[in-house]
Amino acid sequence: MAEPIRVVVTGAAGQIAYSLLYMIARGEVFGKEQSLILHLLDIPPMAGVLEGVVMELADCALPLLRKVVPTTDPLEGFKDVSAAFLVGAMPRKEGMERKDLLSANVKIFKVQGEALDKVAKKDVKVLVVGNPANTNALVCANYAPSIPRENFSAMTRLDQNRAAAQIASKFGAPISNVSNLIIWGNHSSTQYPDASHGKILIDNEWKNIVDAVGDNSYLEGPFVETVQKRGAAVISARKMSSAMSAAKAACDHMHDWWHGTAPGQFVSMGVFSDGSYGSPKDVVFSFPVEIKNKQWKIVENLSISNFGRSKLDLTGKELQEEKKEAMSVLDSN
């Protein structure tokens with residue numbers, strides 16, 4: 001069995017972490033041969049709850065889990081970690097605008113970036129789940145200058161999974177029969193779920209989703225809107241934000257980053273933009289990527305429709321606005 005790696009989950013006493021920690025410790029992310037030391041980081045008021053989570057992890061009797069380190073100190077939490085799931089953030093409540101979230105969360109991710117910079121491994125893979133994820137990832141990377149920027153990413157895999165579920169359901173097909181759906185831009189209601197390069201397996205043959213659906217008005221209307229508003233729909237029904245599905249998506253994202261994507265398949269990740277597809281540079285923008293040897297690469301030369309272009313421009317503009325607001329919050333501190 002491989003030497004244990006250290007993995008940190010922030011917001012470890014919260015809803016998403018409750019599902020996530022079990023999945024990680026079972027070997028669903030780093031592999032069934034990879035032993036783990038889990039670092040559980042949360043804020044001081046949650047220290048008691050954290051102890052309960054530690055007890056539960058012990059009681060799961062998980063063979064890969066060598067040790068659990070509960071802490072409220074970021075410098076202990078991020079020490080020597082190879083992977084970081086930044087889940088802890090000020091949660092969005094019903095009726096709350098993303099902009100309200102920004103100022104509270106910018107400060108949290110500044111502190112975490114500084115701690116990562118000081119004590120984490122330099123090849124650490126940092127996945128930001130806490131919203132607004134794209135801009136939180138940008139802030140975090142900004143305060144960890146000694147860690148390569150490409151080691152920071154924001155989660156849009158939940159949106160990709162939501163999109164795949166919608167298409168699979170439309171065809172009554174298993175989810176494994178759907179691939180290469182893309183989420184462009186921000187993990188927000190401006191994101192663009194794009195099925196135009198997606199494939200679906202029907203009667204043992206991979207077909208283009210656009211041809212298989214045969215209804216552009218659905219793919220540019222209800223499909224896009226359902227995925228964009230799914231988070232709000234879950235909050236409305238559950239009175240709490242997505243937790244189980246967010247944890248599963250975080251596992252999918254990190255698993256693929258760690259182990260790579262299958263040939264011909266790509267996944268969506270929020271990564272630093274180099275201006276590809278006319279996106280604004282130096283914001284964290286979700287692109288289709290292929291992953292090899294733990295390095296992601298933006299998939300190039302995909303065609304973008306006029307409808308798609310207008311959506312990419314809209315989400316790019318929102319990300320530039322968020323970046324500007326985040327930086328002004330930081331400058332005023």
Side-chain angles (χ1 to χ4, degrees), residues 2 4-10 16-17 19-21 23-39 64 78 80-87 109 112-113 116 120-131 133-134 136-138 140-141 144 147-164 179-187 191 245-274 276 284-300:
I5 57 169
R6 291 178 182 270
V7 176
V8 64
V9 174
T10 74
I16 294 172
S19 294
L20 178 61
L21 289 164
M23 293 181 200
I24 296 170
R26 267 189 59 146
E28 289 174 28
V29 180
F30 302 102
K32 301 287 185 187
E33 297 299 311
Q34 180 60 66
S35 56
L36 302 161
I37 296 169
L38 272 183
H39 291 206
L64 294 174
F78 292 116
D80 295 331
V81 295
S82 297
F85 292 83
L86 306 189
V87 180
F109 285 86
Q112 295 188 350
L116 280 159
K121 293 199 162 187
K122 295 306 170 199
D123 62 353
V124 62
K125 300 280 179 266
V126 182
L127 167 59
V128 178
V129 176
N131 283 322
N134 298 56
N136 287 342
L138 175 89
C140 198
I147 296 167
R149 290 205 312 178
E150 56 269 24
N151 288 20
F152 289 83
S153 73
M155 186 171 89
T156 52
R157 186 59 171 266
L158 176 53
D159 309 298
Q160 182 192 310
N161 287 350
R162 286 166 170 165
S179 80
N180 290 9
L181 290 168
I182 302 168
I183 304 297
W184 299 97
N186 199 1
H187 173 64
Q191 63 173 270
S245 55
K248 161 68 166 53
C251 288
D252 291 345
H253 179 125
M254 189 67 84
H255 174 277
D256 289 351
W257 201 357
W258 206 260
H259 299 285
T261 49
Q265 290 209 333
F266 44 78
V267 292
S268 299
M269 280 171 72
V271 296
F272 271 92
S273 169
D274 59 359
S276 291
V284 173
F285 194 96
S286 181
F287 292 101
V289 300
E290 294 169 318
I291 306 164
K292 213 174 180 173
N293 303 322
K294 297 192 174 123
Q295 305 293 320
W296 54 264
K297 183 174 169 290
I298 295 171
V299 178
E300 294 173 341

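Along the sequence shown, residues carry numbers from 1.
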Exercise for the section: Test D256 against R157 for salt bridge (charged side-chain N to carboxylate O under 4.0 Å, His left out), laying out the working first. Expected result: CA-CA 11 Å; D256 289 351; R157 186 59 171 266; 2.9 Å; yes

Exercise for the section: Taking the side chain as every heavy atom from C-beta outward, state whether S82 and W258 have any atom pair closer than 4.5 Å. Expected result: yes

Practice task
Would you mind reporting whether M254 and K125 have side-chain heavy atoms less than 4.5 Å apart?
Solution key: yes

Handout entry: Atom of I24, atom of L36 and distance for their closest heavy-atom approach
Key = O-CD1, 3.2 Å

Handout entry: V284 vs F152, side-chain contact (heavy atoms from CB on, under 4.5 Å): CA-CA, chis, key distance, verdict
Key = CA-CA 9 Å; V284 173; F152 289 83; over 6 Å; no

Exercise for the section: Would you please test V126 and F78 for side-chain contact (heavy atoms from CB on, under 4.5 Å) and show each step? Expected result: CA-CA 11 Å; V126 182; F78 292 116; over 6 Å; no

Exercise for the section: Drop me the distance from D159's CG to S245's OG, to the nearest 0.5 angstrom. Expected result: 10.0 Å

Exercise for the section: For K121, check salt bridge (Lys or Arg N to Asp or Glu O under 4.0 Å) against everything at least two apart and list the hits. Expected result: none

Exercise for the section: Looking only at non-hydrogen atoms, find the nearest pair between L181 and S268 and report the distance. Expected result: O-OG, 3.8 Å

Exercise for the section: Measure from the side-chain N and O atoms of N180 to the backbone N and O of G264, and report whether any donor-acceptor pair falls under 3.5 Å. Expected result: yes

Handout entry: Heavy-atom side-chain proximity of W257 to V267 below 4.5 angstrom
Key = no

Problem - Side chains of P288 and W184 in contact at under 4.5 Å (non-hydrogen atoms) - result: yes

Handout entry: Heavy-atom donor-acceptor pair, S286 side chain to I183 backbone, under 3.5 Å
Key = yes

Practice task
Take the angle between the ring planes of F285 and F287 and call it parallel below 30°, perpendicular above 60°, tilted in between.
Solution key: tilted

Completion exercise
Rounded to the nearest 0.5 angstrom, the OG-CG distance for S273 and L138 is 11.0 Å

Handout entry: Nearest heavy atoms of S153 and H253, plus distance in Å
Key = OG-NE2, 2.8 Å

Exercise for the section: Give a yes or no on this: more than 12 heavy atoms of other residues, nucleotides or ligands lie within 6.0 Å of atom NZ of K32. Expected result: yes

Completion exercise
Closest heavy-atom pair, M269 versus V289, reported as atoms and distance to 0.1 Å, is SD-CG2, 3.6 Å

Exercise for the section: Give the intermediate values and the outcome of side-chain contact (heavy atoms from CB on, under 4.5 Å) for residues L86 and V129. Expected result: CA-CA 6 Å; L86 306 189; V129 176; over 6 Å; no

Problem - Under 3.5 Å: donor-acceptor pair, side chain of K248, backbone of L20 - result: no

Exercise for the section: State, with a plain yes or no, whether a side-chain heavy atom of Q191 is found less than 4.5 Å away from one of N186. Expected result: no

Practice task
Could you tell me whether the side chain of N134 and the main chain of A154 form a donor-acceptor pair under 3.5 Å?
Solution key: no

Problem - Under 3.5 Å: donor-acceptor pair, side chain of T261, backbone of I291 - result: yes

Handout entry: Least distance between heavy atoms, G31 atom then L64 atom
Key = O-CD1, 3.7 Å

Problem - pair V8-F85: side-chain heavy atoms closer than 4.5 Å - result: no

Problem - Minimum side-chain heavy-atom gap R6-H39 below 4.5 Å - result: yes

Exercise for the section: Kindly indicate whether the side chain of W296, heavy atoms from C-beta on, has any atom under 4.5 Å from the side chain of E150. Expected result: yes

Completion exercise
The reported gap from CZ in F109 to CG in L116 (rounded to nearest 0.5 angstrom) is 10.5 Å

